[in-house]
> 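Below is a structure I'd like to ask you about.
To find a chain, count down the sequence lines: A is the first, B the second, and so on, and within it residues start at 1.
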2 protein chains.
Amino acid sequence: MKLRRVGEDRLLAELLPSLPLGKEVVAGAGDDCAVVPPPRGGQLLLLKTDCVVEKIHFESSTDPVSIGWKAMMRPLSDFAAMSGIPQFALITLIVPAARSTRWVNKLYRGLQRAAARFDVSIVGGETSATRGPAAISVSVTGFVEKDRWVSRRGGKAGDDLFVTGQLGGSIHGKHLRFIPRIDESRWLTKNFPVHALMDLSDGLGADLPRLARASKLGYKIDPGSLPLSAGAEMANAVSDGEDYELLFAISPRHRKRLQKSWRKKFPKLLLTRIGNLTSNDATPGRSKHQTFLAGYVHFQ
Amino acid sequence: MKLRRVGEDRLLAELLPSLPLGKEVVAGAGDDCAVVPPPRGGQLLLLKTDCVVEKIHFESSTDPVSIGWKAMMRPLSDFAAMSGIPQFALITLIVPAARSTRWVNKLYRGLQRAAARFDVSIVGGETSATRGPAAISVSVTGFVEKDRWVSRRGGKAGDDLFVTGQLGGSIHGKHLRFIPRIDESRWLTKNFPVHALMDLSDGLGADLPRLARASKLGYKIDPGSLPLSAGAEMANAVSDGEDYELLFAISPRHRKRLQKSWRKKFPKLLLTRIGNLTSNDATPGRSKHQTFLAGYVHFQ
């Protein structure tokens, strides 16, 4: 059945009862706002929104379950980047009226599966028709302990730069089924003083300069060290984007212990030292970093 | 200049410094998540997301400042509906690459003006290209005191039903410049035991049945009592939608005091008793309410 024959009330009535809802939720979907308990003392509130757009982030022919998975996991990857715990999600669905309710139901199945993987409650949402491609926007709130959050800004000259996993070629499938590195990130900040941390969404070539710029530093990368995905070349690792791996800076004095305990804790996931943060010349806006192949740049 | 020639980094670098940012914000736009202080003890966290879509909620020719205003004020109207205080907003911009940066700058001016009207900080956002119409999604978090939040569910049989302002004809301009009834709603719950409260976004004909259904009650309306906007007829007041006025249920024992103190506090804004909540027959899914002309139903 087409959405235009169903209407928002019936569509939501069908979808909402099956949403995963933690018992701490005071009021979920169906009221004007969602009402949830705030983070506790000693914790900060984290907010993130992200979206996926048809023909930009997914093909029209992509399985809607995978689209839902990706739409939820993208903002959760930003929680990994802050070493935070995601808790509550709101979904905005912008969908052509001619789309089938079956498509929307499958999309929600993907959103739910992804949310459930990290105990996230879907507490509300909004739907709108559109005369163009579909878009799904997901907003997530959660928390991080005051002494655990890591920004991009804290890198120090001489810090080792590490990446998790393998880079490049995400478009061949990983971008639809990746698992945000939340467990890894939480383990890192529990056990090591990480100076700067982010997730790789636009490609190392775009994201590393952002981390360096935020830390007011340059960087030096050993291109030969980059952990390439099967079939990927260096250009892919630098520019493809959508790796959803972690990039972080940490003092070299922790290098040995980090590498050893990582192998023990996450034996199936690579951790690779790819280079260092370097001191910058003081000219504002000009970081003395290597010229990198460009990462994915939106609108270009 | 077209967006595609600018790219996300430069666009955000241009927009972000001018964002209104409360000094309580720990990390705003530019990091992976926004980091903000959580609500205090005795308060609950409120979450809302909403969107406006080109050719659905605004015309392509509409002044982008007005589009931005509307995009921000829509979710803030849901805070009025919960008697909550909005604090932090995240913006998702889905815009064709051929759109001008001037258009985006004006849109942001509208978003900022609306946010500043209620001391809301814009703490982050996301941009994406699209091959279709533009869409702007705004997510807002805030708080409400545990003993002040009002859902749609608390209506009691016999309650008076009140609406603020005038209904109908919003499409002729009000929908682009309305001011959410947050001050009015906060005053109401501070001074009166309101049983059920919501904002009118889809038209009284769609929204009142939602409040009645949530309260498991029926309703009786005096059609002659409906406060019509200039030029509007009853059908407009029931079905046009986008009134962004408050609808609430309160025991008739407070009627006189409410009407008197309202006139004193808000002399320029009508408060109209339009009818009552009535007991329902116990058949699930069948409320014995009047047949109303339908409100705006999404996708139809």
Side-chain angles (χ1 to χ4, degrees), chain A residues 3-4 6-9 26-27 30-39 43-51 53 55-57 78-79 81-82 84 88 90 92 94 97 123-133 135 137 139 141 143-144 149 151-153 198-199 210 214 297-300, chain B residues 3-4 6-9 26-27 30-39 43-51 53 55-57 78-79 81-82 84 88 90 92 94 97 123-133 135 137 139 141 143-144 149 151-153 198-199 210 214 297-300:
Chain A
L3 279 181
R4 73 161 61 86
V6 179
E8 190 183 22
D9 276 14
V26 181
D31 226 306
D32 297 285
C33 295
V35 187
V36 298
Q43 297 175 341
L44 292 164
L45 180 61
L46 293 179
L47 315 175
K48 177 64 190 177
T49 191
D50 206 342
C51 66
V53 180
K55 295 177 185 167
I56 303 284
H57 302 96
D78 288 290
F79 277 76
M82 304 297 276
F88 306 109
L90 299 170
T92 301
I94 302 172
V123 294
E126 193 60 32
T127 56
S128 171
T130 177
R131 308 249 161 98
S137 168
S139 308
T141 66
F143 71 89
V144 65
W149 83 278
S151 90
R152 303 173 174 187
R153 285 176 279 167
M198 72 184 297
D199 69 320
R210 288 175 182 149
V297 179
H298 299 263
F299 301 118
Q300 291 183 323
Chain B
L3 278 181
R4 73 159 63 86
V6 180
E8 188 182 24
D9 276 13
V26 181
D31 224 307
D32 297 283
C33 295
V35 188
V36 297
Q43 298 174 340
L44 291 165
L45 180 62
L46 292 179
L47 315 175
K48 177 63 191 179
T49 190
D50 207 342
C51 66
V53 179
K55 295 175 184 169
I56 304 285
H57 302 96
D78 288 289
F79 278 77
M82 305 297 275
F88 306 109
L90 299 171
T92 301
I94 301 172
V123 293
E126 192 62 32
T127 56
S128 172
T130 177
R131 308 251 161 97
S137 166
S139 308
T141 64
F143 72 88
V144 65
W149 83 278
S151 90
R152 304 173 174 187
R153 285 176 277 167
M198 72 185 297
D199 70 319
R210 287 175 183 148
V297 179
H298 298 264
F299 301 118
Q300 290 184 323

> List the atom of Glu126(B), the atom of Thr49(A), and the distance in Å for their closest heavy-atom pair.
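Taking every non-hydrogen atom into account, CB-O, 3.9 Å.
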
> Below 4.5 Å from any heavy atom of chain B, which atoms of Ser137(A) appear? Answer side chain, backbone, both or neither.
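Just the side chain, heavy atoms under 4.5 Å.
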
> CZ/Arg131(B) to CD1/Ile56(A) distance, rounded to the nearest 0.5 angstrom?
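It comes to 4.5 Å.
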
> Side-chain contact, heavy-atom cut-off 4.5 Å: Ile94(A) with Cys51(B)?
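Result yes, sub-4.5 Å side-chain heavy-atom pair found.
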
> How close do Ala27(A) and Arg153(B) get, heavy atom to heavy atom, and via which atoms?
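Shortest heavy-atom contact: CB-NH2, 3.6 Å.
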
> Is the closest side-chain heavy-atom distance between Asp32(A) and Phe79(B) below 4.5 Å?
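Side-chain contact under 4.5 Å: no.
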
> Select one option (side chain, backbone, both, neither) describing which atoms of Ala214(B) are under 4.5 Å from chain A's heavy atoms.
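No part of Ala214(B) comes within 4.5 Å of chain A.
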
> Against chain A, label Ser151(B) side chain, backbone, both or neither, depending on which of its atoms sit under 4.5 Å from a heavy atom there.
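Contact with chain A: backbone and side chain both.
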
> Under 4.5 Å, counting heavy-atom pairs only, tell me which of Pro38(A), Pro37(A), Ala81(A) racks up the most with chain B.
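Ranked by heavy-atom pairs under 4.5 Å with chain B, first place is Pro38(A).
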
> Please examine the side chains of Ser128(A) and His57(B), heavy atoms only from C-beta on, and report whether any two atoms are closer than 4.5 Å.
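Answer yes - side chains close enough.
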
> Heavy-atom pairs under 4.5 Å with chain B are the metric here; pick the option from Lys55(A), Arg152(A), Gln43(A) that has the most.
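Top option by heavy-atom pairs under 4.5 Å: Arg152(A).
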
> For chain A, which candidate among Ala34(B), Gly132(B), Ala135(B) shows the most heavy-atom pairs at distances under 4.5 Å?
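Most heavy-atom pairs within the cutoff with chain A belong to Ala34(B).
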
> Roughly how far, to the nearest 0.5 Å, is the CG atom of Leu90(B) from the NZ atom of Lys48(A)?
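The CG atom of Leu90(B) is 8.0 Å from NZ of Lys48(A), to the nearest 0.5 Å.
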
> Report which part of Thr141(B) has an atom under 4.5 Å of a heavy atom belonging to chain A: side chain, backbone, both, or neither.
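Only the side chain of Thr141(B) comes within 4.5 Å of chain A.
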
> Is it the backbone or the side chain of Val53(B) that comes under 4.5 Å from a heavy atom of chain A, or both, or neither?
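Just its side chain gets close to chain A.
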
> Are Leu44(B) and Val26(A) close enough that some pair of their side-chain heavy atoms sits under 4.5 Å apart?
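Of all side-chain heavy-atom pairs linking Val26(A) with Leu44(B), at least one is under 4.5 Å.
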
> Can you tell me which of Leu45(A), Asp50(A), Asp78(A) forms the most heavy-atom pairs within a distance under 4.5 Å of chain B?
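Option with the greatest count: Leu45(A).
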
